[in-house]
Structures are given as structure tokens and as C-alpha cells.
Amino acid sequence: MTLPATFCERDTVTVAKDLLGCLLVHHEETATAGRIVEVEAYLQGDPAAHSYRGVTKRNRAMFGPAGHAYVYRIYGMHTCVNVVTGAEGAGEAVLIRALEPVTGIDLMQARRGTDDLLSLASGPGKLTQALGITMDLNGTSLRDGPLQVRSSANPPEFRPEDIVQTTRIGITKAADLPLRFYLKGSRYVSRR
DNA sequence: TATCAGATTCCCT
DNA sequence: GGGAATCTGATAG
């Protein structure tokens, strides 16, 4: 089911936790999809957020409407995808860090060059490679576009206490803030 | 576990 | 122009 229009406009940390268990779907000739098992929140005034120093060509989508994608390239070779959240112009987003493969697994395996399900999408750069997410999806709507977030089973198959909250990965600024969330017990997270 | 190369974007941190 | 960046895979210990 497509997310409600207002889903991503709420408090970013709340949205981050609610995204766990949702499905990230890329509609192509062959659809690929995975269940979100790990996310990180990036907030307004957060030195670790790309939006911290204001609007640039690269981070422009992060200041756009909630529910759209912010896609960027990092370390010269990897692509990462965020869900823009909060009020428009706030510059807040949720980084999708890991997926449990669900649909189009053959295609994901071919793109990743491995058959190992556990490492198909267990990292922000891995999942974009597995789903074929590229820069041309930057700024597209996650409700209408080729890349979509769909709501999880209702009721969800896990309880609030099954969400683990820890510090974020791969950042140097504000590294102590506990803004990373993942599903306890999932074998598909990038790191425990 | 720890370290490091790889290779692009973008602000000067 | 320099250097850092929401990372990954390979290699050494």
C-alpha cells in the first residue's frame, strides 16, 4: 500500500522508526523490492547532515517536499538514498541503510555479483546497487515515481521494543547522537 | 578486527 | 586546487 501523503511530513525520528518494516520498491521491467530493516535520521541543525551548511546543488532535494527521494553519490563510487522528511525546507531526511531482499532477488544477485542474500542489500551503497537506484531518481516522489515506499504489514510483525537505537555509522560529526534504528534480530542489517 | 585503495562531487569545514 | 565525504571489498594479522 502506498504511504499516506502526510506520512513523511511528521517528526523525522518518528518517521525513521515507522519506515522500519516498510517496503522499498523500484518499478522497472523487473521490479525489485526489499523490506527496510535499518535507517538513520539526519536532522535540522545536525552537523552530520548534508543540509547543515545550507542549500547546494547536490543537497537541493533534501530541502524539497517530504516523501521525495534524496539520492547522492559518495566516495566517488557509491550511491545512497534518503527519504526526505519533516517540513519542507527543514533539510531533514532518513537514510535507508539496509534491506531484507523480497522481490526480484535474481536481478539483485546479478547486479551485486553475489548469491549471498545476507550481503545483497545490507548497507546503503549495497541496496542502491541491488535495486538499481541511480542519480536520476534524485528528487522523485516516493508515492508516485518509479521508486516507492510502501507501508508494512498492518499490524506490523514486530513490536516497538524490537527497534534498536544506536549511534550512526560512517560519520565524523555528531557521531555520538543515537539516531540509527534497526530491527532487532534482523540478519540483514549492515552492522550490529 | 584493522587498514586501505578505489574514484567522484563539491565546498573550502 | 585540496581534502573530505551518510561506503565497500580485499587483504593482512
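None of these values were measured; they are calculated from a predicted model.
The environment of CZ in A/Arg191 is sparse: at most 12 heavy-atom neighbours from other residues, nucleotides or ligands sit within 6.0 Å.
Using a 4.0 Å heavy-atom distance criterion, A/Tyr72 is classed as a base contact. Using a 4.0 Å heavy-atom distance criterion, A/Ala49 is classed as a base contact. Contacts of A/Ile171 with the nucleic acid, taken as non-hydrogen atoms under 4.0 Å apart, involve only primed sugar atoms and P, OP1 or OP2.
Clustering of Ile, Leu, Val, Met, Phe, Trp and Tyr side chains at separations under 4.5 Å places A/Val102 together with A/Leu23, A/Val25.
Shortest non-hydrogen contact noted between A/Leu127 and A/Ala98 is CD1-N, 3.7 Å.
Atom CG in A/Leu118 sits about 15 Å away from atom P in C/dT8, given to the nearest Å. Between A/Arg111 atom CZ and C/dT8 atom C1' there is a gap of 18 Å when expressed in whole angstrom units. Between the P atom of C/dC7 and the CD1 atom of A/Ile133 lies a distance of 15 Å, rounded to the nearest Å. Put simply, CG on A/Asn82 is 16 Å from P on C/dA5, counting in whole angstrom units.
With values rounded to the nearest 0.5 angstrom, A/Leu142 atom CG is found 11.0 Å from A/Thr2 atom OG1. Between atom CG of residue A/Leu147 and atom CG of residue A/Leu131 there is a gap of 7.5 Å, rounded to the nearest 0.5 Å.
Applying the side-chain hydrogen bond (donor to acceptor under 3.5 Å, both in side chains) rule to pairs touching residues 80-90 of chain A yields A/Thr12-A/Thr85, sequence neighbours excluded. Among pairs with a residue in residues 71-90 of chain A, those fulfilling ring pair (Phe, Tyr, Trp, His ring centres under 6.0 Å) read A/His50-A/Tyr72, A/Tyr70-A/Tyr72, at least two apart in sequence or across chains.
For C/dA4, the OP1/OP2 oxygens have no side-chain nitrogen or oxygen of A/Thr172 closer than 4.0 Å.
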Every protein N/O lying under 3.5 Å from an N/O of nucleotides 9-13 of chain C:
unit_1, atom_1, unit_2, atom_2, d
C/dG9, OP1, A/Arg112, NH1, 2.8
C/dG9, OP1, A/Arg112, NH2, 2.9

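Hydrophobic clustering (ILVMFWY, side-chain heavy atoms < 4.5 Å, transitive): A/Leu95 and A/Val13 are in distinct clusters.
There is a side-chain donor-acceptor pair under 3.5 Å between A/Ser190 and A/Glu38. Looking only at atom types and distance, the side chain of A/Gln129 has a donor-acceptor partner in the side chain of A/Arg112 under 3.5 Å away.
The cationic group of A/Arg168 lies under 6.0 Å from the six-membered ring centre of A/Tyr42 and within 45° of the ring axis, placing it in a cation-pi geometry.
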Protein-to-nucleotide contact annotation, 5' to 3' order, nucleotides 6-13 of chain B [B base; S sugar-phosphate only; - none; under 4.0 Å, heavy atom]: BBB-SSSB

Paired and unpaired positions of DNA chain C as dot-bracket, Watson-Crick or G-U wobble under 3.5 Å, | denoting a partner strand: |||||.||||||.

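Rounded to whole Å, the C1' atom of B/dT13 lies 16 Å from the corresponding atom of B/dT9.
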